[in-house]
4 protein chains.
Amino acid sequence: MGVKDRKKREKEQRRHQILDAARDLFMHKGYFDVRMDDIATGAEVAIGTLYLYFHNKDEIYATLCEEGLDILNRLIEDAIREEGSFQECLEAIGRSYLGFYMEYGSYYDVLSFVGMGFKQVGLSEELEKKITQKSDAAISKLEFVVKQGMEAGEIAEGDSKEVAFFLWGLLEGLIFIHRRGYMDAWAVDLARTSAVGMEAIYRGISR
Amino acid sequence: MGVKDRKKREKEQRRHQILDAARDLFMHKGYFDVRMDDIATGAEVAIGTLYLYFHNKDEIYATLCEEGLDILNRLIEDAIREEGSFQECLEAIGRSYLGFYMEYGSYYDVLSFVGMGFKQVGLSEELEKKITQKSDAAISKLEFVVKQGMEAGEIAEGDSKEVAFFLWGLLEGLIFIHRRGYMDAWAVDLARTSAVGMEAIYRGISR
Amino acid sequence: MGVKDRKKREKEQRRHQILDAARDLFMHKGYFDVRMDDIATGAEVAIGTLYLYFHNKDEIYATLCEEGLDILNRLIEDAIREEGSFQECLEAIGRSYLGFYMEYGSYYDVLSFVGMGFKQVGLSEELEKKITQKSDAAISKLEFVVKQGMEAGEIAEGDSKEVAFFLWGLLEGLIFIHRRGYMDAWAVDLARTSAVGMEAIYRGISR
Amino acid sequence: MGVKDRKKREKEQRRHQILDAARDLFMHKGYFDVRMDDIATGAEVAIGTLYLYFHNKDEIYATLCEEGLDILNRLIEDAIREEGSFQECLEAIGRSYLGFYMEYGSYYDVLSFVGMGFKQVGLSEELEKKITQKSDAAISKLEFVVKQGMEAGEIAEGDSKEVAFFLWGLLEGLIFIHRRGYMDAWAVDLARTSAVGMEAIYRGISR
DNA sequence: GATGAATGAGATTTCATTCAT
DNA sequence: CATGAATGAAATCTCATTCAT
């Protein structure tokens, strides 16, 4: 009994070791420059062990993508759940998005890579569907918040989808730029710029 | 003499053939899925010939990046040169940026890949410096425009760098999202969303 | 005491389970395409258990070969023991050989593979010796029958070894051809062809 | 012009180098124990070169099979073409078959392996069809000879297919036995045994 | 005695780059 | 200058065997 449990726990642990090592490597070197050898070394297991837990390199990668999206969605949901005005909600979402990027940067990189439209990462259609689904979920939530803001009269009427998209675009774009290193080079702060930008938009669309 | 000229012309032409083939391939298949063989076939030259014109695969790639950035910078300069109010200038820049993405999409993809922050492309530091330089040039121009707008009293005083960055961020983010296919899936128009978003920001920061 | 007996019985049983599973797999998929995992699954034991009963994969294979040869030899002995003329004896041997092939086809395949003359199976010298020994036993018996036939004046004098070999060759060759599927393709019956062929030879060598 | 010709000749030569090395290795070590490395070393080329001439290991193997069958068929045809009595023709065919085995033993091994019914060698259906076709051609020729012998009244009437099969079986079986090393062990000569056996059959079926 | 997770050597194949012609 | 056959390092994945529990 206890033995079985411990074994199961150990297996789970090993799986995590592998995913942790892989995430770290994918983040720093990108999908193509990570060798299965590297992951094995990083996880302190033999190469063969990797294939005991995952079918192939792509599956490791795919698993990381899913994990990342789950975290992101949870963060956004949390941000929305907290009640408050549209403005407060917007701020919360922005903080969540940035928070995900700052705290789970490795996932961000992993996900970006998939999203780039580079088809070489032979992800299964299943995963692609999952990613789209989970991303759609995030957009839906944002649009819902916008709609509520309009209905409450807090912001001007308009195409809620469009508004949701440019809000998302601002966040995504700033992170993208930060990721490339331009903000550090220009001594611009991501959080501040994001806050100021969101506020500008808010003022631009509020009644 | 005429002979020398012709030879030179032919060499230039051959170089273009190679770059054209490479750009097309990199755009459609991504850096890693393009083989030197493919480029040679596409350019209708022998594989060895590629190495007469470029040191290696990365250099071909690097040259394309530079070309792309040159075009982008030229477009932005053109947008700024046309005189007018800050608002008009902003709109012109937005249109230029989007225009670059729409008309020179292949360059955009190529550049995005570099921008991933991943080191996997293995580009030389020299190229990285060049790219940073040329990107910086673009930001400088944008910041300059913002500063002028502030000095002219058209928009509120503030950190011009910050404003420049979130304007850029909005454009970059919207393109990024569009590139991933989400806009098509949600039936949202890139140009319209961009215009509406920019206007919102403008209202948010104008006096 | 009963306990010890039961244990011994269980061990013997387990050994059989393993051999049964292995024979079945080797027959259907060939030596190289059978994994130790497959055998373990088929025998409903853990992979480690295989190594409690056999040193390695080859030993399992070798054991099956021995079993097969033992059966074959027993069948031939039975055929010879029945008294009668040389002709009757010859017919009985032919029927036995074919019977072995038809009823114990899995052993036949297993043995053929060894007989390929290829060293790739990597069997121990010990096994090779055993197989040769047991095959030699079969030939000896056949030669003895031929010699008796000559001495009895039923067939012409001659090199009894040679005669034994071409009798064996006919049987072996027909089975080989049948095994490859040519008889089915040409609608030729193995048993009949063998009988007719043996009879032709008999007539050719009988006084 | 001369240059092109020489290049072509060299390519053909290299192809032969590879096939020669491969045939030798397959003969001595069997399909599975031959590594692409071994073939490359044997042919004195780099590993990559192998893949310039053949798609994969199986294709090398397949090419050897075809070559072997072509040689065999040519030999049989030659044997039949020489006019003469059925008996003479039969002897000629036997000599040819044995000759193929003795002189082109490597091909024999290669072909036997395919014929064993081990499916692991992932030969294309195309090749399998070719092999069947070419083997069928050989059988057809043999049956034709038998039929002529019957019509000429040299041998007794009967099922010509059956007769053809047991003649083939005798040859195939003797070679098979020889290949396994039993003849050497028993100091029996293949050629003699074959000749005596064929003659016995001939006597058995002649009028 | 039984288990099965872990091991890691080793196999096939790819492709950027070179260099003799 | 142009060619393209040859190179060989390197990557992913398999599977017989071991050994701690």
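Naming: A, B, ... by sequence-line order, numbering from 1 per chain. Just the heavy atoms: all of them, side chains too, but no hydrogens, waters or symmetry mates, feed the values below. Because the structure is predicted, anything quoted here is derived from the model rather than measured.
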Roughly how far apart are D/L64 CG and D/L25 CG, rounded to 0.5 Å?
10.5 Å

To the nearest 0.5 angstrom, please state how far the OH atom of D/Y53 sits from the CZ atom of D/R14.
5.5 Å

Quick one: are C/D33 and C/F26 in side-chain contact, heavy atoms under 4.5 Å?
no

The side chain of C/K57 lies closest to which of these nucleotides: E/dT17, F/dT17, F/dA6?
F/dT17

Would you indicate, yes or no, if F/dC1 has its OP1 or OP2 atom less than 4.0 angstrom from a side-chain nitrogen or oxygen of B/K11?
yes

Whole-Å distance, B/R6 CZ to F/dC1 P, equals 12 Å

Less than 4.0 angstrom between a side-chain N/O of C/R14 and OP1 or OP2 of E/dG1, yes or no?
no

First locate atom NZ of B/K134, then atom CG of B/D70, and finally report the distance between them rounded to the nearest 0.5 Å.
3.5 Å

Does A/Y53 put a side-chain nitrogen or oxygen below 4.0 Å from OP1 or OP2 of E/dA5?
no

Pairing check on E/dA20: which nucleotide meets the Watson-Crick or G-U wobble criteria with it, both distances under 3.5 Å?
F/dT3

To the nearest angstrom, the CD-P distance between A/E59 and F/dT12 comes to 15 Å

Gap between atoms CZ and C1', on A/R15 and E/dA6 respectively (whole Å)
17 Å

Test log, rule side-chain contact (heavy atoms from CB on, under 4.5 Å), inputs D/T63 and D/R15:
CA-CA 11 Å; D/T63 306; D/R15 210 181 128 90; 3.7 Å; yes

With both distances under 3.5 angstrom, what nucleotide forms a Watson-Crick or G-U wobble pair with F/dG8?
E/dC15

Under 3.5 Å, side-chain donor or acceptor atoms of residues 36-52 of chain A against the rest of the protein: list the pairs with distances, not counting sequence neighbours.
unit_1 : atom_1 : unit_2 : atom_2 : d
A/D38  : OD2    : A/R35  : N      : 3.0
A/T41  : OG1    : A/D37  : O      : 2.9
A/T49  : OG1    : A/A46  : O      : 3.4

D/N56 CG to E/dA11 P, in whole Å, measures 17 Å

Rounded to the nearest Å, what distance is computed from the CZ atom of residue A/F54 to the P atom of nucleotide F/dT14?
16 Å

Tell me which one of C/R23, C/Q17, C/H16 satisfies side chain to side chain donor-acceptor pair (under 3.5 Å) with C/D20.
C/R23

Mind calculating the distance between CZ (B/F32) and C1' (F/dA10) to the nearest angstrom?
14 Å

Can you find a side chain N or O atom of B/R35 that sits less than 4.0 Å from OP1 or OP2 on E/dA16?
yes

Pairwise 5' ranking along DNA chain E for D/V34 and B/V34, keeping only the more 5' one:
D/V34

Can we say B/R6 and B/E10 salt-bridge, meaning some charged N sits less than 4.0 Å from an Asp/Glu carboxylate O?
yes

Pair assignment for E/dG10, Watson-Crick or G-U wobble, requiring both distances under 3.5 Å
F/dC13

Is B/K7 touching bases, backbone alone, or none of the nucleic acid, heavy atoms closer than 4.0 Å?
nothing

Tell me whether the OP1 or OP2 atom of F/dA2 has a side-chain N or O from B/Y51 closer than 4.0 Å.
no

Near-strand residues of residues 36-49 of chain B, defined as heavy-atom separation under 4.0 angstrom from DNA chain E
B/M36, B/I47

D/Y61 OH to E/dA11 P, in whole Å, measures 19 Å

Whole angstrom is fine here: how far is it from CG in C/L50 over to P in E/dG1?
14 Å

